[in-house]
Amino acid sequence: MATTGNKNINSKLVLLGDVGAGKSSLVLRFVKGQFIEFQESTIGAAFFSQTLAVNDATVKFEIWDTAGQERYHSLAPMYYRGAAAAIIVYDISNQASFERAKKWVQELQSQGNPNMVMALAGNKADLVDTRKVAAEANATGFVLQLTCLQEEAQQYAQENGLFFMETSAKTAANVNEIFHEIAKRLPRVQPQNPSGMVLMDRPAERVASASCCS
Amino acid sequence: MDDYEPGPVPSPRPLDRFGFVKPELNISPDGLIKGRSACEYEREERRVRKWRKMIGAGGSDWKHYVRRKPHVVRRRIRKGIPDCLRGLVWQLISGSRDLLLMNPGVYEQLVIYETSASELDIIRDISRTFPSHVFFQQRHGPGQRSLYNVLKAYSVFDRDVGYVQGMGFLAGLLLLYMSEEDAFWLLVALLKGAVHAPMEGLYLAFSFVPLPIFVTEVGDGYFRWRWQKWVGLPLVQQYLFQFDHLVREHLPKLGEHFTQEMINPSMYASQWFITVFSYSFPFHLALRIWDVFLYEGVKIVFKVGLALLKYCADDLVKLPFEKLIHALRNFPKDAMDPDTLLPMAYSIKVSKRLEEMKQEYENKNGKTAESAECNEKQKQA
């Protein structure tokens, strides 16, 4: 690429989270503006890319969408190693998926890139309203539980240096916003020689070093 | 699942010959729906008659035929099993028919009386398995019910493996050709190794393998084994290691390009192995691969993978990372034609190198991976 300076940023982003939290749906909404009710399970991992303009720069996200099941854990490090950003996704109607999200955060804190920008996404926010209605109807503790999860997530994010948003891939709420926020928070100066990163750290502009054929 | 009323039957939409909803913009998604000529039809009829003779009524002559003419069987399978006999032949060549006959009533027991820790996980994935196939589209319909039953039964049958994402595509593919119970036993035959090496390692969380070189005598005829813990889908890791080496040996230029672009097989081939090409691959090609896979074993997966790369190598070596990843997930239609791809795959020899690299992988991991010493007492024979 001809552009010099910090105007064009290539950034590797990884999505992590429990089975069925909506990782693939978030990416699909962000990249293609689509939503599919019955999204095929992700086996292994899938790759997408999308470019965003943020203030002074253009950020191109190279996105790895991973499989959610615990059993696939051993394949994940390859995708988060060297990533500049991560979105950890949970399903707001599923407490267990929030617990799993916390585990991912811990793992990224100990194993991932120390400067990684991390976002916590409470997905399926569209379910809040339906749940509220159901809860009012039968007076269960559902609303209380959901509210708690939201506060808990907010607090957890604060304590751990993440930023938190409730998103809905179905209604598109906060989907672009979360990627936009990540783009804004990315360090503007990319390290010249990112050390200790493996596999996916492609030299950003190898083209430049190639012989100058026209 | 049984408590739920089936959902509405999805409104009729154009389907391909296998029952998948046709993508709206694609006029001819698999090249097979164009009308068949009378000549082709006749050839197909002759082929089915030959196969029927080979199998005998209900499979009665099959074993005898295979013993007498294994090469004829292999050649015919490589040309593709007639679709109307596929379900039966798959059960015969995988050894699942024998398992079924030896274990009457077991499946029913597993489905009806046992409970599984994976039930919720399975339910969560049911409507996400072949969502574009008419059989699996109806919420709590017969397709989704039988898929649930097979997966639940397996997760009870082998609690170490339980349920793993990816198994649904195997079970789903089988269910399009046979009953629930037959599909279950075929899954057992594959994962437990009725005919070929067991493949349960594709789905295991970890496995322990004894390392005989570390056996030390602790006196009194007892030995201490050193066990090695292999973490996370151990067989997937091994297959990817082997595949990586095969690519470098068979397609050195492309292998070099992959290194430069930081592409490794885990990024594009893990689902080939985990689902034996039944995930996001043209269905007519997946079926032809399965014909050979069940008879000859997993090496066909390596061969097909290599053939795909070989066919597209000239284009792939020119692509930068992002386009490369995309190309590796979306091979062109002509590359996916079974009658082009499979002969190419058959011509690639991998057996010997696969065995050697398996050894290499085990040795390598014996040194680096986490190992656990157990005071496993083994009485000297």
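No hydrogens, no waters, no symmetry mates; every other heavy atom, side chains included, goes into these values. Quick note on labels: first sequence line is chain A, next is B, and so on, each numbered from 1.
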Original post:
Does A:K170 NZ have over 12 foreign heavy atoms under 6.0 Å away?
Top reply: no
Original post:
Given B:Q137 and A:F38, is the side-chain contact (heavy atoms from CB on, under 4.5 Å) satisfied, shown in steps?
Top reply: CA-CA 9 Å; B:Q137 270 186 338; A:F38 300 112; over 6 Å; no
Original post:
Given the side-chain rings of B:Y203 and A:Y72, with only the six-membered ring counted for Trp, is the space between their centroids under 6.0 Å?
Top reply: no
May I ask you to test the [X]-[Y] pair for a side-chain heavy-atom distance under 4.5 Å?
X      : Y      : value
B:I325 : A:W64  : yes
A:E40  : B:R128 : no
B:D121 : A:R71  : no
B:S266 : A:Y79  : yes

Of all heavy-atom pairs between [X] and [Y], which one has the smallest distance, and what is that distance?
X      : Y      : result
A:S74  : B:G232 : OG-O, 3.3 Å
A:L75  : B:Q237 : CD2-NE2, 4.1 Å
A:D18  : B:R124 : OD2-NH1, 4.2 Å
B:M267 : A:M78  : CG-CE, 3.7 Å
A:F47  : B:E322 : CE2-CG, 3.4 Å

Subject >> A:F48 portion near chain B, given a 4.5 angstrom heavy-atom threshold >> reply: neither
**OP:** Mind ranking A:A45, A:G44, A:G20, A:G68 by heavy-atom pairs under 4.5 Å with chain B and telling me who comes out on top?
**Re:** A:A45
Hey, could you give me the [atom1]/[atom2] distance between [X] and [Y], rounded to the nearest 0.5 Å?
X      : Y      : atom1 : atom2 : value
B:L120 : A:N94  : CG    : CG    : 9.5 Å
A:S41  : B:F169 : OG    : CZ    : 5.0 Å
A:T42  : B:Y279 : OG1   : OH    : 5.0 Å
A:H73  : B:L233 : NE2   : CG    : 11.5 Å

Original post:
In terms of heavy-atom pairs under 4.5 Å with chain A, which of B:S270, B:S127, B:A269, B:G162 leads?
Top reply: B:S127
**OP:** Would you mind checking which part of B:T275 comes under 4.5 Å of any heavy atom in chain A, side chain (CB onward), backbone (N, CA, C, O), both or neither?
**Re:** side chain
**OP:** Let me know if B:F136 has heavy atoms under 4.5 Å from chain A in its side chain, its backbone, both or neither.
**Re:** neither
